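Working notes for the structure below.
Bear in mind that the values here come from a model prediction, so they are computed numbers and not experimental data. We're numbering straight along the sequence, starting at 1.
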Amino acid sequence: MRQSQNHTPHATAQAGLAMLIVLQLVMLMALFAGVPPHPPEAIPLGGIAPILAAGFATAAGAMILGPTSSRLAQGLAIVAVAIAMLSFGPQKYLNDQFGLIWPAVIMGQISAIMVAWALVQGRSARNQTVAA
């Protein structure tokens, strides 16, 4: 099945990573502004701002390299998704504030799925090219 130019794995991964950056950036701004609901200042893994910064950096790095272009870029994309899932993962369904944060949680999960799907599709496309 041929994919259109607008829905290539590369474009899908780029969009998913951009969505994660925007979601995390808005949550960080809410924290700085003190506007509820906002993430806590610290989680068991460390301060939330440095964790979000690492998420921004890895997502941006993957986007610049082209998230499906190399193992390094794919690794950065996977790390960016893993970091984002600290804020938007399925554990948030059990959060007391889920009624307030559900749009960000759902969009974060959709974004993560987009990136994961794109990485799998990109790898499949490369394997088919190599086999041909």
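- Among I51, L52, I48, the single residue meeting the side-chain contact (heavy atoms from CB on, under 4.5 Å) criterion with L86 is I51.
- Checked against side-chain contact (heavy atoms from CB on, under 4.5 Å), M63 has the following partners two or more places apart in sequence or in another chain: Q14, L17, A18, I21.
- Annotation for A13 and T68: closest pair CB-CG2, 4.4 Å, computed over non-hydrogen atoms.
- The two atoms that bring L119 and P67 nearest to each other are CD2-O, 3.3 Å, heavy atoms only.
- One distance of note links CG of L20 with CZ of F56; it measures 10.5 Å at 0.5 Å rounding.
- Residue pairs meeting the side-chain hydrogen bond (donor to acceptor under 3.5 Å, both in side chains) criterion with at least one member in residues 36-51, sequence neighbours excluded, do not occur.
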Handout entry: Intermediate values then yes/no, side-chain contact (heavy atoms from CB on, under 4.5 Å), V81 and M85
Key = CA-CA 6 Å; V81 167; M85 287 300 96; 4.3 Å; yes
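- Closest approach of G55 and Q24 over heavy atoms only: C-OE1, 4.1 Å.
- Listed by first and then second residue, the side-chain hydrogen bond (donor to acceptor under 3.5 Å, both in side chains) pairs involving residues 100-109 are Y93-Q109 (not counting sequence neighbours).
- Under the rule for a side-chain contact (heavy atoms from CB on, under 4.5 Å), the partners of M27 that lie at least two apart in sequence or sit in another chain are P39, F88.
- Here the closest heavy-atom approach between residue A62 and residue A73 is recorded as CB-O, 3.7 Å.
- The side-chain hydrogen bond (donor to acceptor under 3.5 Å, both in side chains) contacts involving residues 78-92 comprise nothing, where partners must be two or more places apart or lie in separate chains.
- Tracing side-chain contacts under 4.5 Å through hydrophobic residues (I, L, V, M, F, W, Y), one reaches I78 starting from I110; they form part of the same cluster.
- To the nearest 0.5 Å, atom CD1 of residue I101 and atom CD1 of residue I106 are 10.0 Å apart.
- A single hydrophobic cluster is not seen to contain both L65 and I83; linkage of ILVMFWY side chains at heavy-atom distances under 4.5 Å, directly or through other members, places them apart.
- Partners of V26 according to the side-chain contact (heavy atoms from CB on, under 4.5 Å) rule, which considers only residues two or more places apart in sequence or in another chain, are V22, M29.
- Counting all heavy atoms, side chain and backbone alike, A30 lies closest to P37 at CB-O, 4.1 Å.
- Both F32 and I43 are part of a single hydrophobic cluster, where members link through side-chain heavy atoms under 4.5 Å apart.
- When all heavy atoms of G34 and P36 are compared, the pair lying nearest together is O-CD, 3.3 Å.
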